[in-house]
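Just so you know, these numbers use all the heavy atoms, side chains as well, and skip hydrogens, waters and symmetry mates. These numbers were taken from a predicted model, which means no experiment stands behind them. First listed ligand is number 1; within each ligand, the first listed atom is number 1.
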Amino acid sequence: MEQLSRRRFLKISAATVGAGAVGSQVPVVSSLAMGSKPPAGKVETIPTYCEMCFWKCGGIAHIRDGKLWKFEGNPLDPMSKGRLCPRGTAAPGTHNDPDRISKPLIRTGERGKEEFKAVTWGEALDYVAERMKKIAAEHGPESIALWKHGTGSRFFEHVMRAYGCINKGAPSFAQCRGPRDIGYLLTYGTGLGSPEPTDIANTKCLVLIGTHLGENMHNTQVQEFAQAVANKATIIVVDPRYSVAASKAKYWLPVKPGTDMALILAWCNVLVAEGLYDKEFVAKHGHGFDKFAAAIKDSTPEWAEAETGIPAATIRATAREMAIARPAALVHPGRRVNWYGDDAQRGRATALLNALLGNWGRKGGLFIQAGMKVAGYPFPKFPEATKPKADNPDHKWPFADEEVTTGLREATITGKPYPIKGWVVYASNLNHTLPNEKETIEAINKLDLLVVVDTHPAEITGYADVVLPDTMFLERHDDFYVGWGRQGWAAIRQPVIAPPGEQKPAWWMAKELANRLGVGQYMPFKDMDEYLAARCEKSGIDYAKFRKEGVVMGPKDPITVEEGAGIAFDTPSGKVEFYSEQLAKAGFDPVPKYTAPEAAPAGFFRLVTGRAPVHTFSRTQTNLLLRDLMKENEVWVNAETAAKAGLKHGQYVKLKNQDGVVSNRVKVKATQRIRPDTLYMVYGFGHTSRLLKSAYLMGASAAQLNTRYKVDPLMGGTSIHQNFVTFEKEA
Ligand SMILES: Nc1nc2c(c(=O)[nH]1)N[C@H]1C(S)=C(S)[C@@H](COP(=O)(O)OP(=O)(O)OC[C@H]3O[C@@H](n4cnc5c(=O)[nH]c(N)nc54)[C@H](O)[C@@H]3O)O[C@H]1N2
Ligand SMILES: Nc1nc2c(c(=O)[nH]1)N[C@H]1C(S)=C(S)[C@@H](COP(=O)(O)OP(=O)(O)OC[C@H]3O[C@@H](n4cnc5c(=O)[nH]c(N)nc54)[C@H](O)[C@@H]3O)O[C@H]1N2
Ligand code: SF4
Ligand SMILES: [Mo]
């Protein structure tokens with residue numbers, strides 16, 4: 001396999017910020033690669049895994065004369081393969097960010113007014129423990145919920161569960177990959193999780209539906225995508241916007257937003273009608289294929305053309321491209337798929353399209369994941385739960401296999417099935433990550449206690465009663481990351497530098513809280529060194545070597561059928577379910593069906609969102625290295641649409657949505673690269689927290705305009721591409 005050059009990786013990642021930014025991106029990233037002589041000084045290197053996003057690439061921190069100098073990829077790590085994305089590389093910018101919270105805070109003003117006094121750690125933790133005990137005494141510990149994202153939440157979850165807090169929520173499920181995982185679970189008997197088992201590097205035909213690799217900077221996948229492009233794989237991109245990925249594609253299908261299901265069903269129709277599908281795989285592993293074939297009989301390319309705007313001939317041609325390449329043809333399952341309310345069924349439709357291509361367990365398709373065993377720590381057993389969880393008590397969403405965030409928010413608002421009176425929020429900016437901020441604030445106003453554990457004064461922090469300042473990942477220990485992939489592995493997180501202020505690591509806060517809540521026996525280790533060393537010892541892993549190298553690889557199992565992997569499916573039928581009796585029994589379509597999306601009101605455009613390659617959600621806008629590359633977002637407007645509306649490229653406008661919510665001002669990017677009926681914005685900008693000084697009111701918040709959402713009836717995911725906006729020109 002050709003070695004991927006950093007240059008090609010960078011080229012792919014250069015993305016939306018435009019040609020000018022490619023140049024400006026170089027200094028941050030390339031000083032590491034250009035072999036420039038390091039200035040004099042004592043340099044120490046310490047490996048740890050990255051958490052500038054949740055991909056968890058292994059990196060190596062360089063400390064020069066006691067200061068954090070740079071963070072590079074760890075060549076031993078299978079996620080980074082020695083290279084980090086721009087955000088990982090810019091991690092020192094988060095360590096040094098002047099906008100970070102440096103002391104524990106207690107609220108002095110009204111909620112949302114961002115008025116606090118600094119207190120000692122003892123005062124802050126005593127306050128939290130006392131309030132938690134009071135809520136537990138009055139309502140039971142179930143009435144305190146945890147919201148979480150990322151590795152640092154691990155011991156908060158542990159301690160709270162020990163105290164009897166069974167309720168939790170994570171926007172990284174219902175607002176992200178949840179619908180897709182449920183679609184695959186229903187079809188193949190397994191969700192896909194993270195990282196997805198996509199053999200992009202070896203595929204001969206890659207289909208990306210939305211999934212905007214190169215802007216979505218999930219490192220390994222972007223590297224593999226560059227490999228697929230170099231290998232001349234046929235790339236098919238379905239996106240109303242000419243994404244970076246589309247610019248590498250043989251086919252760009254500018255689908256009408258919300259009609260992807262019609263396209264996927266039409267592709268299935270062509271594969272079946274023309275007899276191009278993998279008959280052997282379907283005969284051996286398929287369940288209910290005949291019923292499936294009958295259900296999609298009328299989903300012809302001509303029918304889909306009218307819905308999607310993609311010519312029937314193109315639909316046929318692209319289906320045939322997949323068929324020629326199969327089984328090394330891969331329809332990427334997607335990641336943030338909460339778009340239109342039928343998302344789990346759309347996930348299932350892509351799962352079925354992959355099944356027709358027979359790519360399960362095949363080279364260039366979806367491989368069989370391998371893991372490794374790392375022994376757990378001998379903790380005492382948790383107390384039995386005596387109440388059901390509050391987010392989905394009557395299984396309103398029968399196929400949700402993780403907590404439903406908006407269900408938990410609703411329980412907090414209504415007090416049903418029982419009151420929720422406390423929230424502990426770890427690294428989740430709920431004002432921006434749950435749809436409809438008004439409902440989030442309504443729920444917050446019902447609380448007796450809101451604890452926010454964060455690195456930054458984010459929007460949610462402004463509502464907190466107590467703010468606990470966390471270290472950033474380079475400053476702390478966390479639990480091991482035990483990864484699943486082509487080969488199992490484990491990576492270590494260890495502090496490489498002291499925090500700049502009074503910040504404390506999450507595990508320490510959790511341990512201190514456990515002592516105050518009377519559940520100290522659940523955190524029996526002195527510190528993380530002791531905890532991690534104990535797990536290593538039980539697993540036969542050399543801890544000293546692990547600390548030095550950062551990564552331990554597990555056994556190398558066969559991962560594809562070609563290499564000898566066996567396949568089995570954990571569905572009710574034991575097969576790939578082309579027809580799902582489970583769904584039929586629960587009153588849902590056993591074969592995915594298309595519903596036309598709602599039309600935009602006159603004068604309005606559909607607002608869709610995505611990622612910038614150099615930022616993570618609403619987390620990194622104050623990082624000076626990344627802010628330098630992109631300090632505000634733009635609204636992409638088709639050039640003709642802009643001309644009709646009298647808008648010029650580069651001018652500022654405000655956007656008003658169907659519910660009358662008006663955004664902050666945002667720059668117009670007039671471009672041919674988007675459909676005339678669609679507007680696009682990178683999500684995460686438009687901060688309204690005044691304490692995020694360098695990001696305050698820079699760009700517009702897509703989240704603020706996402707007042708309307710549809711809930712996926714299968715699993716409670718919330719779709720946000722339901723919002724329409726019009727222009728409000730600046731006076
Ligand atoms: N740099 C960076 N990378 C990230 C992240 C980050 O914050 N920053 N976040 C990570 C996370 S958690 C996630 S979940 C992923 C998300 O990244 P992906 O899963 O790749 O994102 P998508 O939801 O597919 O949405 C974005 C793309 O879908 C297109 N789109 C919008 N509407 C439609 C439609 O109706 N049909 C089709 N076919 N396309 C449409 C948009 O134009 C855009 O190109 O990114 C990950 N990678
Ligand atoms: N409107 C809209 N909503 C979305 C999305 C979208 O595209 N548009 N994307 C969805 C997706 S794909 C996902 S995965 C979710 C993610 O949503 P969440 O799970 O809620 O997580 P983040 O947005 O990553 O949370 C950001 C918060 O974490 C803090 N933080 C950063 N690092 C640390 C740390 O080391 N410790 C602590 N304690 N705090 C830290 C930041 O300062 C910030 O306040 O959002 C979903 N919601
Ligand atoms: S993809 Fe980038 S930000 Fe995410 S873990 Fe990897 S290097 Fe860090
Ligand atoms: Mo996500």
Among T94, T151, T616, find the one that has a side chain to side chain donor-acceptor pair (under 3.5 Å) with E51.
T151

Ligand 1 atoms in contact with H615 (distance to a heavy atom under 4.0 Å):
1 (N), 2 (C), 6 (C), 7 (O), 8 (N)

Return the option from P86, G610, A612 holding the heavy atom at the smallest distance from atom 1 (N) of ligand 1.
A612

Closest protein heavy atom to atom 17 (O) of ligand 2, given as residue, atom name and distance to 0.1 Å:
T433 CG2, 3.0 Å

Report the part of L434 (side chain from C-beta onward, or backbone N, CA, C, O) that has a heavy atom under 4.0 Å from ligand 2; answer both or neither where that applies.
neither

Under a 3.5 Å threshold, yes or no: a donor from one side chain and an acceptor from the other, between N657 and T707?
yes

Within 45° of the axis and under 6.0 Å from the centre of the six-membered ring of Y463, does NZ or CZ of R111 qualify?
no

Is there a donor-acceptor pair under 3.5 Å between the side chain of R606 and the backbone N or O of H721?
yes

Using a heavy-atom cut-off of under 4.0 Å, does the side chain or the backbone of R87 touch ligand 1, or both, or neither?
side chain

Using a 3.5 Å cut-off on N or O atoms only, is F617 in polar contact with ligand 1?
yes

Would a distance-only check, ignoring hydrogens and angles, find a side-chain to backbone donor-acceptor pair under 3.5 Å from R476 to T471?
yes

Which of the atoms in ligand 1, numbered in the order shown and given with their element, are less than 4.0 Å from a heavy-atom of E215?
1 (N), 2 (C), 3 (N)

Of all the non-hydrogen atoms in the protein, which one sits nearest to atom 44 (O) of ligand 2, and at what distance?
D454 OD2, 2.6 Å

W339 and ligand 1 - part of the residue with a heavy-atom distance under 4.0 Å:
side chain

Identify, for atom 28 (O) of ligand 1, the protein heavy atom at the shortest distance, and state residue, atom and that distance.
G210 CA, 3.5 Å

Considering only protein heavy atoms, which is closest to atom 19 (O) of ligand 2, and at what distance to one decimal place?
H149 ND1, 2.6 Å

protein heavy-atom neighbour closest to atom 6 (C) of ligand 1 works out as R611 CD, 3.1 Å

Main-chain N/O of G684 paired with Q621 side-chain donor or acceptor, under 3.5 Å:
yes

Can you list the atoms of ligand 1 that are under 4.0 Å from a heavy atom of M217?
1 (N), 2 (C), 3 (N), 4 (C), 47 (N)

Of all the non-hydrogen atoms in the protein, which one sits nearest to atom 23 (O) of ligand 1, and at what distance?
R336 O, 2.4 Å

Considering only heavy atoms, does R476 approach ligand 2 within less than 4.0 Å through its side chain, its backbone, both, or neither?
side chain

Among all the protein's non-hydrogen atoms, which is closest to atom 21 (O) of ligand 1, and how far away is it?
H212 CE1, 3.2 Å

Do me a favour and list the nearest non-hydrogen protein atom to atom 32 (N) of ligand 2 with residue, atom name and distance?
R619 NH1, 3.1 Å

Heavy-atom donor-acceptor pair, R673 side chain to Y242 backbone, under 3.5 Å:
yes

Atoms of ligand 1 under 4.0 Å from any heavy atom of C176, numbered from 1 in the order shown, are 14 (S)

Main chain of S689, side chain of E459: is a donor-acceptor contact present, judged purely on distance under 3.5 Å?
yes

Please confirm whether N706 comes within less than 3.5 Å of ligand 2 when only nitrogen or oxygen atoms on both sides are compared.
yes

Option set R100, Q503, H456, H432, criterion heavy-atom distance to atom 3 (N) of ligand 2, minimum:
H432

Distance filter under 4.0 Å to T609 heavy atoms, resulting ligand 1 atoms:
25 (O), 26 (C)

Numbering the atoms of ligand 1 from 1, which are under 4.0 Å from a heavy atom of G258?
35 (O)

Check whether any side-chain N or O of N633 sits under 3.5 Å from a backbone N or O of A700 as a donor-acceptor pair, and report yes or no.
yes

Residue, atom and distance of the protein heavy atom nearest atom 13 (C) of ligand 1 read R335 CG, 3.6 Å

For the 3.5 Å polar cut-off, considering only N or O atoms, please tell me whether Y680 and ligand 1 meet it.
no

Given that the side chain starts at C-beta and the backbone is N, CA, C, O, which of these parts of W147 lies under 4.0 Å from ligand 2, counting heavy atoms, or is it both or neither?
neither

For Q503 and T455, test the side chains for any donor-to-acceptor distance below 3.5 angstrom and give the result as yes or no.
no

Evaluating non-hydrogen atoms only, which member of L626, T259, L213, D260 is closest to atom 36 (N) of ligand 1?
D260

Below 4.0 angstrom from a heavy atom of V238, which ligand 1 atoms are there? Numbered from 1 as shown, please.
37 (C), 38 (N), 39 (N)

Check for a donor-acceptor pair, side chain of W339 on one end and backbone N or O of R336 on the other, with a separation under 3.5 Å.
yes

What protein heavy atom is closest to atom 47 (N) of ligand 1, reported as residue, atom name and distance in Å?
N216 OD1, 3.0 Å

For atom 2 (C) of ligand 2, what is the closest protein heavy atom, and at what distance to 0.1 Å?
Y683 CE1, 3.2 Å

Close-contact set for ligand 1 against R241 heavy atoms, below 4.0 Å
42 (O), 43 (C), 44 (O)

For D97 and H456, test the side chains for any donor-to-acceptor distance below 3.5 angstrom and give the result as yes or no.
yes

Provide, to 0.1 Å, the distance between atom 10 (C) of ligand 1 and the closest protein heavy atom, together with that atom's residue and name.
H218 NE2, 3.4 Å

Expected output: side-chain E307 to main-chain A304 donor-acceptor under 3.5 Å
no

Closest candidate by heavy atom, reference atom 30 (N) of ligand 2, pool L474, D470, T455, T718
T455

Are K148 and E403 within salt-bridge range, i.e. N to O under 4.0 Å?
no

Between the side chains of N216 and T211, does any donor sit under 3.5 Å from an acceptor?
no

To the nearest 0.1 Å, how far is atom 46 (C) of ligand 2 from its closest protein heavy atom, and which atom is that?
Q175 CB, 3.6 Å

Would you tell me whether Y184 and E196 have side-chain atoms, one donor and one acceptor, within less than 3.5 Å of each other?
no

For the residue pair F54 and H149, is the inter-centroid distance of their aromatic rings smaller than 6.0 Å?
yes

If you measure every N or O of Y340 against every N or O of ligand 1, does any of those distances drop under 3.5 Å?
yes

Parallel, tilted or perpendicular, as decided by the 30° and 60° cut-offs, for the rings of H615 and F685:
perpendicular

With rounding to the nearest 0.5 Å, note down the distance linking CG in D343 to CG in N338.
6.0 Å

Please write down residue, atom name and distance for the protein heavy atom closest to atom 39 (N) of ligand 1.
P240 CD, 3.3 Å

